[in-house]
Amino acid sequence: MQQTYSGAPQPAAPATPGAPAAPQPQAGQGAPPMAIEADDFSFWYGSARALNDITLRIPQKRVTALIGPSGCGKSTFLRSINRMNDLIPGIRHDGDIRLHGESVYRQGLDVVQLRKRVGMVFQKSNPFPKSIYENVAYGARVNGVARGRRDLDEVVERSLKQAALWDEVSDRLDRSALGLSGGQQQRLCIARALAVQPEVLLMDEPASALDPIATQKIEELIYQLKDHYTIVIVTHNMQQAARVSDFTAFFYIGQLVEMGRTEEIFTNPREERTEAYITGRFG
Amino acid sequence: MSGPAIGPMTEPGPHAPAAALSFRDRRRRMVSRVMIGGTGVAAAVTVLPLLLILFHLLRAGLGSLNPEFFTNVPAPVGQPGGGVGNGVLGTFILVALAGAMGLPVAIGAGIYLAEAEGGRMANLIRFVTDVMNGIPSIVIGIFVWAWIVVAVGFSAFAGGVALAIMLLPMVTRTTEEMVRLVPRELKEGALALGFTRWRTTLGVVLPAARSGILTGVLVALARIAGETAPLLFTAFGNPFWSSDLGKPIAALPVQIFQYAISPYEDQHRQAWAASLLLIGLVLAVSLAARFLIRSPYRSR
(Lines give C-alpha, C1' and ligand atoms only; values in the text may rest on other atoms or scores of the structure.)
Protein backbone atom coordinates (compact mmCIF):
# COMPACT_ATOMS: atom_id res chain seq x y z
CA MET A 1 0.00 0.00 0.00
CA GLN A 2 2.80 2.35 0.80
CA GLN A 3 4.34 1.38 -2.46
CA THR A 4 1.31 2.35 -4.50
CA TYR A 5 1.20 5.66 -2.72
CA SER A 6 4.73 6.63 -3.39
CA GLY A 7 4.40 5.47 -6.98
CA ALA A 8 1.08 6.70 -8.19
CA PRO A 9 -0.09 10.23 -7.74
CA GLN A 10 2.76 12.51 -8.65
CA PRO A 11 3.60 13.02 -12.29
CA ALA A 12 6.05 15.75 -11.35
CA ALA A 13 5.04 18.27 -13.96
CA PRO A 14 7.08 21.45 -13.89
CA ALA A 15 5.52 22.19 -17.26
CA THR A 16 2.40 23.72 -15.72
CA PRO A 17 3.53 27.16 -14.67
CA GLY A 18 2.36 28.55 -11.37
CA ALA A 19 1.08 25.29 -9.98
CA PRO A 20 3.53 23.95 -7.45
CA ALA A 21 5.15 20.92 -8.93
CA ALA A 22 4.02 17.91 -7.01
CA PRO A 23 7.31 17.13 -5.42
CA GLN A 24 8.66 13.80 -4.53
CA PRO A 25 11.98 12.20 -4.07
CA GLN A 26 12.73 9.70 -6.78
CA ALA A 27 10.39 6.80 -6.27
CA GLY A 28 12.23 4.57 -8.64
CA GLN A 29 14.61 1.75 -8.04
CA GLY A 30 16.38 1.55 -4.74
CA ALA A 31 14.37 4.43 -3.29
CA PRO A 32 13.97 4.10 0.46
CA PRO A 33 10.51 3.40 1.87
CA MET A 34 8.60 6.43 3.11
CA ALA A 35 8.38 7.35 6.77
CA ILE A 36 6.04 10.30 6.49
CA GLU A 37 3.52 10.96 3.80
CA ALA A 38 1.40 14.08 3.64
CA ASP A 39 -1.57 14.29 1.30
CA ASP A 40 -3.23 17.63 0.55
CA PHE A 41 -2.53 18.69 4.08
CA SER A 42 -3.80 22.16 4.94
CA PHE A 43 -3.70 23.95 8.23
CA TRP A 44 -5.40 27.01 9.68
CA TYR A 45 -4.71 29.14 12.75
CA GLY A 46 -8.17 30.59 13.25
CA SER A 47 -9.04 31.94 9.83
CA ALA A 48 -5.44 32.33 8.67
CA ARG A 49 -4.36 29.55 6.38
CA ALA A 50 -0.80 28.53 7.18
CA LEU A 51 -0.47 25.47 4.96
CA ASN A 52 -1.98 24.98 1.56
CA ASP A 53 -2.51 21.44 0.25
CA ILE A 54 0.90 20.11 1.13
CA THR A 55 1.69 16.79 -0.49
CA LEU A 56 5.10 15.33 0.14
CA ARG A 57 6.95 12.15 0.97
CA ILE A 58 9.70 11.93 3.55
CA PRO A 59 11.88 8.85 3.16
CA GLN A 60 12.98 6.63 5.99
CA LYS A 61 16.43 6.93 7.53
CA ARG A 62 17.33 9.99 5.54
CA VAL A 63 17.66 13.62 6.49
CA THR A 64 15.03 15.86 4.96
CA ALA A 65 15.45 19.61 5.29
CA LEU A 66 12.51 22.01 5.19
CA ILE A 67 13.61 25.42 4.02
CA GLY A 68 11.89 28.69 3.18
CA PRO A 69 11.53 32.26 4.38
CA SER A 70 10.02 33.09 7.78
CA GLY A 71 6.31 32.44 7.98
CA CYS A 72 6.30 30.03 5.05
CA GLY A 73 4.78 27.24 7.10
CA LYS A 74 7.76 24.93 7.46
CA SER A 75 7.63 24.90 11.25
CA THR A 76 3.86 24.55 11.19
CA PHE A 77 4.25 21.51 8.99
CA LEU A 78 6.92 20.05 11.24
CA ARG A 79 4.74 20.53 14.31
CA SER A 80 1.81 18.97 12.50
CA ILE A 81 3.69 15.68 12.24
CA ASN A 82 3.71 15.09 15.99
CA ARG A 83 0.63 17.24 16.54
CA MET A 84 2.34 19.77 18.77
CA ASN A 85 -0.02 22.35 17.30
CA ASP A 86 -2.89 20.66 19.15
CA LEU A 87 -2.11 22.92 22.09
CA ILE A 88 -3.05 26.05 20.20
CA PRO A 89 -6.71 27.03 20.38
CA GLY A 90 -8.62 27.65 17.15
CA ILE A 91 -6.61 25.41 14.85
CA ARG A 92 -8.07 23.34 12.03
CA HIS A 93 -6.63 20.99 9.44
CA ASP A 94 -7.64 19.24 6.28
CA GLY A 95 -6.05 16.37 4.43
CA ASP A 96 -3.84 13.87 6.16
CA ILE A 97 -0.34 13.03 7.33
CA ARG A 98 0.66 9.41 7.69
CA LEU A 99 3.49 7.96 9.73
CA HIS A 100 4.59 4.63 8.32
CA GLY A 101 1.23 4.31 6.65
CA GLU A 102 -0.86 5.18 9.69
CA SER A 103 -2.76 8.45 9.82
CA VAL A 104 -1.64 10.69 12.67
CA TYR A 105 -4.95 12.55 12.54
CA ARG A 106 -7.24 9.55 12.61
CA GLN A 107 -9.91 9.49 15.26
CA GLY A 108 -8.98 7.72 18.43
CA LEU A 109 -5.26 8.06 17.88
CA ASP A 110 -3.38 8.46 21.15
CA VAL A 111 -1.32 11.63 20.79
CA VAL A 112 0.94 10.51 23.62
CA GLN A 113 1.79 7.32 21.73
CA LEU A 114 2.39 9.31 18.56
CA ARG A 115 4.83 11.66 20.27
CA LYS A 116 6.66 8.71 21.72
CA ARG A 117 7.33 7.57 18.15
CA VAL A 118 8.15 11.05 16.87
CA GLY A 119 10.80 12.83 18.94
CA MET A 120 11.31 16.55 18.72
CA VAL A 121 14.16 18.98 19.29
CA PHE A 122 13.32 22.65 19.60
CA GLN A 123 14.94 25.86 18.48
CA LYS A 124 15.58 26.97 22.02
CA SER A 125 17.16 24.21 24.07
CA ASN A 126 14.72 23.29 26.81
CA PRO A 127 16.29 20.90 29.30
CA PHE A 128 14.22 20.22 32.40
CA PRO A 129 15.44 21.97 35.55
CA LYS A 130 16.80 18.66 36.79
CA SER A 131 20.09 16.82 36.72
CA ILE A 132 21.72 15.75 33.47
CA TYR A 133 20.97 12.12 34.26
CA GLU A 134 17.33 12.85 35.11
CA ASN A 135 16.83 14.80 31.90
CA VAL A 136 17.61 11.71 29.85
CA ALA A 137 16.15 9.14 32.22
CA TYR A 138 12.86 10.89 32.90
CA GLY A 139 11.27 10.32 29.52
CA ALA A 140 12.60 6.78 29.29
CA ARG A 141 11.13 5.96 32.67
CA VAL A 142 7.76 7.60 32.01
CA ASN A 143 7.44 5.86 28.67
CA GLY A 144 8.42 2.51 30.07
CA VAL A 145 11.48 2.18 27.86
CA ALA A 146 13.58 1.19 30.84
CA ARG A 147 12.76 0.02 34.33
CA GLY A 148 15.13 -0.29 37.23
CA ARG A 149 18.32 1.57 37.87
CA ARG A 150 20.52 -0.74 35.77
CA ASP A 151 18.34 -0.44 32.69
CA LEU A 152 18.08 3.28 33.09
CA ASP A 153 21.82 3.73 33.51
CA GLU A 154 22.28 1.88 30.28
CA VAL A 155 19.71 3.94 28.39
CA VAL A 156 21.19 7.18 29.71
CA GLU A 157 24.71 6.21 28.71
CA ARG A 158 23.72 4.99 25.28
CA SER A 159 21.58 8.06 24.57
CA LEU A 160 24.29 10.46 25.71
CA LYS A 161 26.83 8.62 23.58
CA GLN A 162 24.51 8.76 20.58
CA ALA A 163 24.17 12.47 21.14
CA ALA A 164 27.97 12.82 21.35
CA LEU A 165 27.72 14.28 24.83
CA TRP A 166 28.82 11.38 27.02
CA ASP A 167 32.51 12.28 27.13
CA GLU A 168 31.75 15.80 28.27
CA VAL A 169 29.27 14.99 31.04
CA SER A 170 29.95 11.43 32.21
CA ASP A 171 31.67 12.70 35.36
CA ARG A 172 28.88 15.05 36.38
CA LEU A 173 25.62 13.35 35.57
CA ASP A 174 24.11 14.49 38.84
CA ARG A 175 24.71 18.19 38.18
CA SER A 176 21.98 20.49 36.99
CA ALA A 177 21.47 20.43 33.24
CA LEU A 178 21.08 24.20 33.36
CA GLY A 179 24.80 24.56 34.02
CA LEU A 180 25.69 23.20 30.58
CA SER A 181 26.56 25.43 27.65
CA GLY A 182 23.94 26.15 25.01
CA GLY A 183 25.35 23.59 22.58
CA GLN A 184 25.62 20.95 25.29
CA GLN A 185 22.06 21.66 26.38
CA GLN A 186 20.85 21.17 22.83
CA ARG A 187 22.69 17.86 22.54
CA LEU A 188 21.22 16.87 25.89
CA CYS A 189 17.78 17.56 24.45
CA ILE A 190 18.66 15.33 21.51
CA ALA A 191 19.80 12.61 23.92
CA ARG A 192 16.57 13.04 25.83
CA ALA A 193 14.56 12.53 22.66
CA LEU A 194 16.65 9.50 21.62
CA ALA A 195 16.21 7.84 25.01
CA VAL A 196 12.53 7.29 24.23
CA GLN A 197 13.62 5.38 21.09
CA PRO A 198 11.58 7.26 18.52
CA GLU A 199 11.29 6.34 14.86
CA VAL A 200 11.42 9.90 13.62
CA LEU A 201 13.32 12.90 14.93
CA LEU A 202 11.93 16.35 14.18
CA MET A 203 14.32 19.25 14.58
CA ASP A 204 13.04 22.81 14.56
CA GLU A 205 16.06 25.00 13.77
CA PRO A 206 18.14 23.08 16.28
CA ALA A 207 21.31 25.13 15.77
CA SER A 208 19.97 28.61 15.13
CA ALA A 209 20.81 29.79 18.64
CA LEU A 210 24.28 28.23 18.71
CA ASP A 211 27.74 29.42 17.82
CA PRO A 212 29.52 27.95 14.76
CA ILE A 213 31.45 25.29 16.69
CA ALA A 214 28.40 24.04 18.55
CA THR A 215 26.49 24.15 15.27
CA GLN A 216 29.11 21.99 13.62
CA LYS A 217 28.80 19.43 16.40
CA ILE A 218 25.05 19.27 15.94
CA GLU A 219 25.48 18.83 12.20
CA GLU A 220 27.98 16.02 12.64
CA LEU A 221 25.55 14.44 15.05
CA ILE A 222 22.71 14.62 12.54
CA TYR A 223 24.98 12.97 10.01
CA GLN A 224 25.66 10.07 12.35
CA LEU A 225 22.06 9.68 13.47
CA LYS A 226 20.57 9.30 10.02
CA ASP A 227 21.61 5.67 9.79
CA HIS A 228 19.13 4.89 12.52
CA TYR A 229 16.49 7.57 12.43
CA THR A 230 14.35 9.44 9.98
CA ILE A 231 15.26 13.08 10.53
CA VAL A 232 13.26 16.11 9.47
CA ILE A 233 15.01 19.40 10.07
CA VAL A 234 13.70 22.92 9.66
CA THR A 235 16.47 25.38 9.01
CA HIS A 236 16.97 28.96 7.96
CA ASN A 237 20.53 28.26 7.11
CA MET A 238 20.88 27.30 3.47
CA GLN A 239 24.41 25.99 3.85
CA GLN A 240 23.25 23.83 6.71
CA ALA A 241 20.48 22.34 4.62
CA ALA A 242 22.97 21.63 1.86
CA ARG A 243 25.46 20.06 4.26
CA VAL A 244 23.25 17.81 6.34
CA SER A 245 20.27 16.80 4.26
CA ASP A 246 19.64 14.18 1.58
CA PHE A 247 16.36 15.73 0.53
CA THR A 248 15.18 19.30 0.62
CA ALA A 249 11.68 20.71 0.51
CA PHE A 250 11.20 24.39 -0.22
CA PHE A 251 8.16 26.05 1.33
CA TYR A 252 6.84 29.45 0.34
CA ILE A 253 3.78 31.23 1.75
CA GLY A 254 2.14 28.07 2.96
CA GLN A 255 2.88 26.10 -0.18
CA LEU A 256 5.37 23.44 -1.00
CA VAL A 257 7.16 24.80 -4.02
CA GLU A 258 9.33 21.80 -4.71
CA MET A 259 11.03 18.90 -3.12
CA GLY A 260 13.86 16.75 -4.35
CA ARG A 261 17.34 15.49 -3.70
CA THR A 262 19.28 18.21 -1.99
CA GLU A 263 21.98 18.46 -4.61
CA GLU A 264 19.33 18.88 -7.29
CA ILE A 265 17.44 21.53 -5.37
CA PHE A 266 20.63 23.45 -4.79
CA THR A 267 22.25 23.06 -8.18
CA ASN A 268 19.37 22.69 -10.54
CA PRO A 269 16.02 23.69 -9.05
CA ARG A 270 12.99 23.23 -11.23
CA GLU A 271 11.22 26.28 -9.91
CA GLU A 272 12.14 29.89 -10.42
CA ARG A 273 11.14 30.77 -6.82
CA THR A 274 13.38 28.06 -5.37
CA GLU A 275 16.34 29.36 -7.30
CA ALA A 276 15.59 32.92 -6.24
CA TYR A 277 15.45 31.92 -2.58
CA ILE A 278 18.50 29.73 -2.65
CA THR A 279 20.60 32.32 -4.36
CA GLY A 280 19.53 34.87 -1.80
CA ARG A 281 17.39 37.11 -3.94
CA PHE A 282 14.66 37.10 -1.28
CA GLY A 283 13.84 35.64 2.11
CA MET B 1 18.94 80.60 10.33
CA SER B 2 16.43 80.65 7.55
CA GLY B 3 15.56 76.96 7.35
CA PRO B 4 12.54 75.49 9.04
CA ALA B 5 12.77 74.21 12.62
CA ILE B 6 14.33 70.77 12.65
CA GLY B 7 11.86 69.49 15.18
CA PRO B 8 9.19 70.73 17.52
CA MET B 9 11.69 70.86 20.37
CA THR B 10 14.20 73.20 18.76
CA GLU B 11 13.56 76.82 19.26
CA PRO B 12 14.83 78.83 16.34
CA GLY B 13 15.11 81.97 18.42
CA PRO B 14 17.90 84.47 18.17
CA HIS B 15 18.25 84.45 21.96
CA ALA B 16 19.60 80.91 22.13
CA PRO B 17 23.33 80.69 21.60
CA ALA B 18 24.41 77.22 20.54
CA ALA B 19 26.49 76.36 23.59
CA ALA B 20 24.46 77.69 26.51
CA LEU B 21 21.23 76.10 27.67
CA SER B 22 18.10 78.00 26.85
CA PHE B 23 15.73 78.93 29.62
CA ARG B 24 13.37 76.30 28.32
CA ASP B 25 15.99 73.55 28.46
CA ARG B 26 16.92 74.51 31.98
CA ARG B 27 13.28 74.48 33.02
CA ARG B 28 12.77 71.03 31.50
CA ARG B 29 15.77 69.76 33.37
CA MET B 30 14.50 71.24 36.62
CA VAL B 31 11.04 69.73 36.20
CA SER B 32 12.61 66.35 35.57
CA ARG B 33 14.72 66.59 38.72
CA VAL B 34 11.78 67.68 40.85
CA MET B 35 9.62 64.84 39.57
CA ILE B 36 12.29 62.20 40.13
CA GLY B 37 12.89 63.64 43.58
CA GLY B 38 9.16 63.44 44.24
CA THR B 39 9.04 59.74 43.48
CA GLY B 40 11.97 59.23 45.83
CA VAL B 41 10.11 61.00 48.61
CA ALA B 42 7.03 58.88 47.89
CA ALA B 43 9.15 55.75 48.17
CA ALA B 44 10.54 56.90 51.50
CA VAL B 45 7.06 57.72 52.81
CA THR B 46 5.95 54.22 51.81
CA VAL B 47 8.44 52.49 54.07
CA LEU B 48 8.05 55.06 56.83
CA PRO B 49 4.96 53.45 58.42
CA LEU B 50 6.74 50.13 58.81
CA LEU B 51 9.68 51.81 60.49
CA LEU B 52 7.37 53.80 62.76
CA ILE B 53 5.32 50.74 63.63
CA LEU B 54 8.41 48.72 64.44
CA PHE B 55 9.84 51.56 66.48
CA HIS B 56 6.65 52.09 68.42
CA LEU B 57 6.07 48.38 69.03
CA LEU B 58 9.61 47.94 70.26
CA ARG B 59 9.22 50.85 72.65
CA ALA B 60 5.81 49.88 73.96
CA GLY B 61 6.02 46.12 73.81
CA LEU B 62 9.61 45.08 74.39
CA GLY B 63 9.35 45.70 78.12
CA SER B 64 6.59 43.13 78.53
CA LEU B 65 8.37 40.44 76.55
CA ASN B 66 9.73 37.81 78.91
CA PRO B 67 9.92 34.02 78.88
CA GLU B 68 6.66 33.80 80.78
CA PHE B 69 4.95 35.78 78.04
CA PHE B 70 5.70 33.08 75.49
CA THR B 71 4.80 30.09 77.64
CA ASN B 72 1.89 31.13 79.86
CA VAL B 73 -1.80 31.53 79.30
CA PRO B 74 -3.36 34.92 80.09
CA ALA B 75 -3.65 35.76 83.74
CA PRO B 76 -7.15 36.15 85.19
CA VAL B 77 -8.66 39.55 84.54
CA GLY B 78 -7.21 42.24 86.72
CA GLN B 79 -4.12 40.27 87.72
CA PRO B 80 -0.77 41.22 86.24
CA GLY B 81 1.48 38.75 84.43
CA GLY B 82 0.43 35.89 82.22
CA GLY B 83 1.25 35.37 78.55
CA VAL B 84 -0.02 34.53 75.11
CA GLY B 85 1.48 31.05 74.69
CA ASN B 86 -1.92 29.59 73.91
CA GLY B 87 -2.48 32.31 71.31
CA VAL B 88 0.76 31.47 69.52
CA LEU B 89 -0.15 27.80 69.50
CA GLY B 90 -3.69 28.61 68.39
CA THR B 91 -2.49 30.79 65.52
CA PHE B 92 -0.19 28.04 64.31
CA ILE B 93 -3.01 25.50 64.49
CA LEU B 94 -5.44 27.81 62.69
CA VAL B 95 -2.95 28.63 59.93
CA ALA B 96 -2.02 24.96 59.52
CA LEU B 97 -5.69 24.04 59.35
CA ALA B 98 -6.40 26.74 56.79
CA GLY B 99 -3.37 25.65 54.78
CA ALA B 100 -4.37 21.99 54.84
CA MET B 101 -7.85 22.83 53.63
CA GLY B 102 -7.15 25.75 51.32
CA LEU B 103 -3.77 25.15 49.69
CA PRO B 104 -4.52 21.97 47.71
CA VAL B 105 -7.67 23.53 46.32
CA ALA B 106 -6.04 26.89 45.60
CA ILE B 107 -2.98 25.39 43.90
CA GLY B 108 -5.17 23.04 41.88
CA ALA B 109 -7.38 25.93 40.82
CA GLY B 110 -4.33 28.01 39.91
CA ILE B 111 -3.00 25.24 37.68
CA TYR B 112 -6.40 24.94 36.05
CA LEU B 113 -6.55 28.66 35.32
CA ALA B 114 -3.04 28.66 33.88
CA GLU B 115 -3.76 25.65 31.67
CA ALA B 116 -7.19 26.73 30.50
CA GLU B 117 -5.93 30.26 29.75
CA GLY B 118 -8.67 32.10 27.87
CA GLY B 119 -11.48 29.57 28.21
CA ARG B 120 -14.86 30.97 29.16
CA MET B 121 -15.00 28.90 32.36
CA ALA B 122 -11.49 30.02 33.30
CA ASN B 123 -12.35 33.68 32.76
CA LEU B 124 -15.40 33.29 34.97
CA ILE B 125 -13.41 31.64 37.74
CA ARG B 126 -10.69 34.26 37.44
CA PHE B 127 -13.29 37.00 37.82
CA VAL B 128 -14.84 35.28 40.83
CA THR B 129 -11.49 34.87 42.57
CA ASP B 130 -10.79 38.56 42.03
CA VAL B 131 -14.13 39.38 43.62
CA MET B 132 -13.35 37.00 46.48
CA ASN B 133 -10.05 38.76 47.02
CA GLY B 134 -12.01 41.93 47.66
CA ILE B 135 -14.53 40.51 50.12
CA PRO B 136 -13.99 42.18 53.52
CA SER B 137 -12.65 39.60 55.91
CA ILE B 138 -15.33 40.28 58.49
CA VAL B 139 -17.96 39.29 55.94
CA ILE B 140 -16.18 35.97 55.52
CA GLY B 141 -16.32 35.62 59.32
CA ILE B 142 -20.05 36.24 59.40
CA PHE B 143 -20.59 33.83 56.53
CA VAL B 144 -18.71 31.05 58.30
CA TRP B 145 -20.58 31.87 61.50
CA ALA B 146 -23.92 31.47 59.71
CA TRP B 147 -22.99 28.24 57.96
CA ILE B 148 -20.79 26.42 60.44
CA VAL B 149 -20.81 28.06 63.85
CA VAL B 150 -24.59 28.16 64.08
CA ALA B 151 -24.63 24.42 63.42
CA VAL B 152 -21.65 23.14 65.42
CA GLY B 153 -20.57 26.04 67.61
CA PHE B 154 -17.44 28.17 67.90
CA SER B 155 -14.44 26.06 67.05
CA ALA B 156 -10.91 26.00 65.72
CA PHE B 157 -12.35 24.20 62.70
CA ALA B 158 -14.67 27.10 61.89
CA GLY B 159 -11.75 29.52 62.24
CA GLY B 160 -9.68 27.38 59.93
CA VAL B 161 -12.43 27.40 57.33
CA ALA B 162 -12.70 31.20 57.49
CA LEU B 163 -8.94 31.59 57.01
CA ALA B 164 -8.93 28.99 54.23
CA ILE B 165 -11.55 31.02 52.36
CA MET B 166 -9.28 34.05 52.63
CA LEU B 167 -6.37 31.98 51.38
CA LEU B 168 -8.11 30.62 48.28
CA PRO B 169 -8.12 33.64 45.94
CA MET B 170 -4.64 34.80 46.95
CA VAL B 171 -2.92 31.48 46.34
CA THR B 172 -5.02 30.67 43.27
CA ARG B 173 -3.88 33.79 41.47
CA THR B 174 -0.22 33.58 42.45
CA THR B 175 -0.12 29.92 41.43
CA GLU B 176 -1.68 30.79 38.10
CA GLU B 177 0.84 33.53 37.49
CA MET B 178 3.82 31.41 38.50
CA VAL B 179 2.73 28.49 36.32
CA ARG B 180 2.27 30.88 33.40
CA LEU B 181 5.82 32.12 33.83
CA VAL B 182 7.18 28.66 33.06
CA PRO B 183 8.54 28.87 29.50
CA ARG B 184 6.26 27.28 26.94
CA GLU B 185 9.28 25.51 25.45
CA LEU B 186 9.74 23.53 28.65
CA LYS B 187 6.17 22.33 28.58
CA GLU B 188 6.40 21.48 24.90
CA GLY B 189 9.62 19.58 25.54
CA ALA B 190 7.82 17.30 27.96
CA LEU B 191 4.78 16.87 25.74
CA ALA B 192 6.99 16.09 22.75
CA LEU B 193 8.57 13.28 24.76
CA GLY B 194 5.20 11.59 25.00
CA PHE B 195 4.24 12.84 28.45
CA THR B 196 0.57 13.20 29.25
CA ARG B 197 -0.61 16.68 30.18
CA TRP B 198 -0.95 15.61 33.78
CA ARG B 199 2.57 14.24 33.92
CA THR B 200 3.88 17.33 32.18
CA THR B 201 2.24 19.58 34.75
CA LEU B 202 3.19 17.54 37.78
CA GLY B 203 6.70 16.51 36.74
CA VAL B 204 7.98 19.49 34.79
CA VAL B 205 5.84 22.61 35.06
CA LEU B 206 5.18 22.56 38.81
CA PRO B 207 8.81 21.93 39.80
CA ALA B 208 9.85 24.81 37.55
CA ALA B 209 7.27 27.07 39.20
CA ARG B 210 7.90 25.70 42.67
CA SER B 211 9.82 28.53 44.25
CA GLY B 212 7.37 31.12 42.99
CA ILE B 213 4.37 29.18 44.25
CA LEU B 214 6.06 28.60 47.59
CA THR B 215 6.72 32.30 47.94
CA GLY B 216 3.08 33.07 47.21
CA VAL B 217 1.98 30.47 49.74
CA LEU B 218 4.21 31.87 52.48
CA VAL B 219 3.08 35.43 51.84
CA ALA B 220 -0.55 34.31 51.97
CA LEU B 221 0.01 32.32 55.18
CA ALA B 222 1.69 35.31 56.79
CA ARG B 223 -1.22 37.43 55.74
CA ILE B 224 -3.90 35.19 57.25
CA ALA B 225 -1.87 34.66 60.40
CA GLY B 226 -2.54 38.29 61.24
CA GLU B 227 -6.27 38.26 60.46
CA THR B 228 -8.57 39.13 63.33
CA ALA B 229 -12.01 39.78 61.91
CA PRO B 230 -12.72 36.35 60.39
CA LEU B 231 -11.85 34.72 63.71
CA LEU B 232 -14.01 36.83 66.00
CA PHE B 233 -17.17 34.80 65.42
CA THR B 234 -15.55 31.55 64.43
CA ALA B 235 -12.48 30.56 66.47
CA PHE B 236 -13.79 33.00 69.09
CA GLY B 237 -10.71 32.97 71.30
CA ASN B 238 -9.97 30.99 74.43
CA PRO B 239 -8.09 32.03 77.56
CA PHE B 240 -6.81 28.49 78.14
CA TRP B 241 -4.59 26.00 76.37
CA SER B 242 -6.56 24.18 73.76
CA SER B 243 -5.72 22.27 70.64
CA ASP B 244 -9.14 20.69 70.25
CA LEU B 245 -10.36 21.46 66.76
CA GLY B 246 -13.97 21.22 67.92
CA LYS B 247 -13.58 23.82 70.66
CA PRO B 248 -12.94 27.55 70.60
CA ILE B 249 -9.26 28.28 70.27
CA ALA B 250 -7.03 31.23 71.10
CA ALA B 251 -5.37 33.25 68.36
CA LEU B 252 -2.75 35.95 68.67
CA PRO B 253 -4.63 38.65 66.73
CA VAL B 254 -7.83 37.98 68.67
CA GLN B 255 -5.91 38.24 71.95
CA ILE B 256 -4.45 41.54 70.85
CA PHE B 257 -7.93 42.80 70.07
CA GLN B 258 -9.33 41.68 73.42
CA TYR B 259 -6.42 43.09 75.40
CA ALA B 260 -6.57 46.37 73.53
CA ILE B 261 -10.24 46.98 74.33
CA SER B 262 -9.88 45.94 77.96
CA PRO B 263 -9.78 48.63 80.65
CA TYR B 264 -6.59 47.36 82.33
CA GLU B 265 -3.26 49.04 81.79
CA ASP B 266 -1.36 45.78 82.12
CA GLN B 267 -3.40 44.19 79.35
CA HIS B 268 -2.70 47.20 77.12
CA ARG B 269 1.00 46.57 77.62
CA GLN B 270 0.48 42.92 76.76
CA ALA B 271 -1.39 43.94 73.62
CA TRP B 272 1.69 45.87 72.49
CA ALA B 273 3.96 42.96 73.28
CA ALA B 274 1.71 40.51 71.46
CA SER B 275 1.63 42.87 68.47
CA LEU B 276 5.42 42.92 68.44
CA LEU B 277 5.45 39.13 68.56
CA LEU B 278 2.92 38.83 65.74
CA ILE B 279 4.72 41.25 63.46
CA GLY B 280 7.98 39.44 64.22
CA LEU B 281 6.47 36.14 63.13
CA VAL B 282 5.04 37.66 59.94
CA LEU B 283 8.34 39.34 59.10
CA ALA B 284 10.22 36.11 59.63
CA VAL B 285 7.92 34.32 57.20
CA SER B 286 8.23 37.13 54.66
CA LEU B 287 12.01 36.99 54.86
CA ALA B 288 11.90 33.23 54.33
CA ALA B 289 9.77 33.88 51.25
CA ARG B 290 12.40 36.25 49.86
CA PHE B 291 15.05 33.60 50.11
CA LEU B 292 12.89 31.11 48.29
CA ILE B 293 12.20 33.46 45.41
CA ARG B 294 15.43 32.50 43.70
CA SER B 295 14.55 30.92 40.40
CA PRO B 296 15.55 27.35 39.57
CA TYR B 297 16.54 28.69 36.16
CA ARG B 298 19.75 29.97 37.58
CA SER B 299 22.06 27.03 37.77
CA ARG B 300 22.89 25.83 41.22
Side-chain angles (χ1 to χ4, degrees), chain A residues 78-79 81-90 110-132 134-145 174-181 185 188-189 192-198 201-204 209, chain B residues 107 110-126 175-216 291-300:
Chain A
L78 193 78
R79 293 166 59 92
I81 299 173
N82 66 344
R83 292 184 52 178
M84 281 309 281
N85 288 326
D86 284 18
L87 297 172
I88 302 162
D110 183 4
V111 186
V112 168
Q113 287 299 317
L114 170 70
R115 292 185 187 142
K116 220 172 116 176
R117 295 170 62 192
V118 184
M120 188 164 202
V121 176
F122 297 81
Q123 176 173 12
K124 206 174 142 219
S125 64
N126 53 356
F128 301 139
K130 295 172 183 288
S131 71
I132 295 170
E134 243 339 273
N135 260 279
V136 184
Y138 197 13
R141 196 189 299 124
V142 168
N143 283 309
V145 174
D174 56 338
R175 298 257 203 93
S176 169
L178 303 174
L180 296 175
S181 74
Q185 286 192 8
L188 182 66
C189 291
R192 178 176 78 183
L194 296 179
V196 182
Q197 298 175 357
L201 198 54
L202 308 177
M203 303 179 124
D204 194 353
Chain B
I107 292 175
I111 294 170
Y112 173 82
L113 289 183
E115 291 287 323
E117 283 178 42
R120 193 180 277 185
M121 187 69 184
N123 282 334
L124 183 69
I125 293 174
R126 205 169 283 130
T175 302
E176 180 193 356
E177 259 141 50
M178 291 306 135
V179 168
R180 275 178 182 229
L181 282 181
V182 174
R184 206 182 57 148
E185 290 86 3
L186 196 65
K187 195 168 138 189
E188 289 191 339
L191 288 170
L193 272 184
F195 285 22
T196 57
R197 278 184 84 172
W198 163 240
R199 172 74 74 173
T200 301
T201 302
L202 190 73
V204 175
V205 175
L206 273 188
R210 189 185 52 205
S211 63
I213 294 175
L214 218 58
T215 305
F291 275 106
L292 288 166
I293 210 163
R294 275 177 306 181
S295 157
Y297 276 86
R298 268 165 235 153
S299 51
R300 278 173 262 163

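Sequence lines set the chain letters: A, B, ... in the order given, protein chains first and strands last, and positions in each chain run from 1.
- Side-chain atoms of Arg115(A) come within 3.5 Å of backbone N or O of Asn82(A) as a donor-acceptor pair.
- The shortest side-chain heavy-atom distance between Asp174(A) and Ile132(A) does not fall under the 4.5 Å cut-off.
- A salt bridge is defined here as a Lys NZ or Arg NE, NH1 or NH2 lying under 4.0 Å from an Asp or Glu carboxylate O, and Glu115(B) with Arg180(B) fails to meet this definition.
- For Val121(A), no part sits under 4.5 Å from any heavy atom of chain B, backbone or side chain.
- For Arg79(A), the part lying under 4.5 angstrom from a heavy atom of chain B is the side chain only.
- Proximity to chain B involves both the backbone and the side chain of Phe128(A), based on heavy atoms less than 4.5 angstrom apart.
- Heavy atoms closer than 4.5 Å to chain B are found nowhere in Leu114(A), neither backbone nor side chain.
- Side-chain contact check for Leu201(A) versus Val118(A): every heavy-atom pair is 4.5 Å or farther apart.
- A donor-acceptor pair under 3.5 Å is absent between the side-chain atoms of Asn143(A) and the main chain of Val145(A), judged by distance alone.
- Contacts with chain B were tallied for Lys124(A), Gln113(A), Arg192(A), Gln123(A); Arg192(A) has the most, counting heavy-atom pairs under 4.5 Å.
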